[in-house]
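So the structure is just underneath, and the comments pick up after that.
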Amino acid sequence: MRLALVSTVSSPVRSDAHGSVEAWTWLLTRELNRLGHAVTVFGCAGSEVDGEVMVTLPGPYATNGAPDDWQVCEWMNLCRAVEQSNNFDVVHSQAYLWGAPLGPMARSPMLHTLHIVPDDNHAALWRAWPRTHVTALSRHQWSEFPDLQAVAIIPHGVDVAQFTFQPDPGDYLLYLGRFVSGKGPLHAIEIARALGMRLVLAGPENAYYREKVKPLVDSRTVEFAGFVRGAERDRLLGGARALVYPIQHPEAFGLVLVEAMLCGTPVAAMRLGAVPEIVQEGVTGFTALAVEDFRQAVPNCLRLDRRRVREAAEQRFSAPRMAAGYAAVYERLVRGGIL
């Protein structure tokens, strides 16, 4: 098939992209290419993929002459793809469902994937164009809107080769993510202290970190590793005895959970959003209904077989599995099997 993948444009589409959707688009493009499909990515300058790149902007938002309004940038990129839709069998957009009104004007079927938790505005957009084809990342993602049914549920996949299995971890728990209240970094510190275990915090420093978290970092029981990527991220994930994930708000998917598991590191996570769909209770980790429950969930994680954790994650969340799922939906669209 001839496929158009419409990325978001917060960064170029590359294997090391700063934007999570752009990195995901790069990986999906590679895997679809390996399946024999001809893929064209619509994105900003600097993108490098296993396929063709249609450059629609001179750079990410407010860079190299690109507009400083991020929504204008996304709209320009999306419209260029629809403008050329007659060249493709399917156009797959990641642009926040904004392409729904363009579906009737496109000259090939369109598919849409939202990478965040939908709100009432996303639901209103879909309802206004009810024939819009949408895939979900988890059963939870669209569960607040039961009248809106995704054509398929396809969890995110990961390049498993980028994560090293570590059978012998270090002596610390790990919090890895953004420093915002909804991610629960203060709860992670509370949990580690209650258990008498060392905690390493990793993520980009911001105002919340400096104001709320940094005063609790003593470089002994609580350490700050900063923003980690690549080999350093892999080493930190694999060296942890468990990943602590005390989120306070539901999420559509939690990619760091899968990344930890691929290193053999079990996960102790709050039972919210897509977490129960990702964590296999008693196999790859344990979930908690309240912060207090982590006092039991974490010790339980430490008794799990790390090799089994890795194997289970690889079976369920590999990039080839993800690509095969999307390819099957594309084929249904081309055949007219989705109305």
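Sequential numbering from 1 along the given sequence is applied to the chain's residues. Below, all heavy atoms of this structure are taken into account, side chains as well, without hydrogens, waters or symmetry copies.
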Between D293 and R271, does any NZ, NE, NH1 or NH2 come within less than 4.0 Å of an OD or OE carboxylate oxygen?
no
CD (Q141) and OG1 (T135) are apart, to the nearest 0.5 Å, by 8.0 Å
Exceeds 12 heavy-atom contacts within 6.0 angstrom, atom CZ of R2
yes
Within a strict 4.5 Å, meaning less than it, do heavy atoms of the Y209 and F224 side chains meet?
yes
Would you mind reporting whether D159 and R30 have side-chain heavy atoms less than 4.5 Å apart?
yes
How far does CG of L243 sit from CG of L174, to the nearest 0.5 angstrom?
5.5 Å
If you define the side chain from C-beta out and look only at heavy atoms, does anything of I154 sit under 4.5 Å from V329?
yes
So T265 and R241, side chain to side chain donor-acceptor pair (under 3.5 Å) or not? Walk me through it.
CA-CA 6 Å; T265 300; R241 298 189 69 190; over 6 Å; no
Write down the atom of P58, the atom of A45, and the distance for their closest heavy-atom approach.
O-CB, 3.3 Å
Are side-chain heavy atoms of Y172 and L236 found at a separation under 4.5 Å?
yes
Would you mind reporting whether L5 and T40 have side-chain heavy atoms less than 4.5 Å apart?
no
Given side chains that start at C-beta, do those of M261 and V279 come closer than 4.5 Å, heavy atoms only?
yes
Could you check if a side-chain atom of M54 sits within less than 4.5 angstrom of a side-chain atom of Q84, using non-hydrogen atoms only?
yes
Atom of C73, atom of Y61 and distance for their closest heavy-atom approach:
CB-CD2, 3.7 Å
Closest heavy-atom contact between V82 and R107?
O-NH2, 3.9 Å
Roughly how far apart are L32 CG and M322 CE, rounded to 0.5 Å?
8.0 Å
Does the ring centre of W70 sit less than 6.0 Å away from the ring centre of Y96?
yes
State whether R229 and D16 are salt-bridged, where the test is any N-O pair (Lys NZ or Arg NE/NH1/NH2 against Asp/Glu carboxylate O) under 4.0 Å.
no
Is a salt bridge present between E22 and R14, judged by a nitrogen-to-oxygen distance below 4.0 Å?
no
Basic-acidic side-chain contact under 4.0 Å: E251, K183:
yes
Side-chain touch S181/Q248, heavy atoms, less than 4.5 angstrom:
no
Distance (rounded to the nearest 0.5 Å) between Q166 CD and L237 CG:
11.5 Å
Tell me whether R80 at atom CZ has more than 12 heavy atoms from other residues, nucleotides or ligands lying less than 6.0 Å away.
no
Shortest non-hydrogen pair, R321 vs R316, comes out as NE-O, 2.8 Å
Centroid separation H156 to H115 less than 6.0 Å
yes
Could you check whether F294 and F286 have their ring centres less than 6.0 Å apart?
no
Distance check, rounded to the nearest 0.5 Å: F145 atom CZ versus D119 atom CG?
6.5 Å
Knowing that exactly one of I191, V291, L216 qualifies, which makes a side-chain contact (heavy atoms from CB on, under 4.5 Å) with L186?
L216
Does the pair R307/E311 count as a salt bridge with the N-to-O cut at 4.0 Å?
no
Minimal heavy-atom distance between P204 and F179, with the atoms involved, is O-CD1, 3.5 Å
salt_bridge(R127, D147) N-O dist < 4.0 Å:
yes
Do T287 and E281 pair up side chain to side chain, a donor and an acceptor below 3.5 Å, judged on atom types alone?
yes
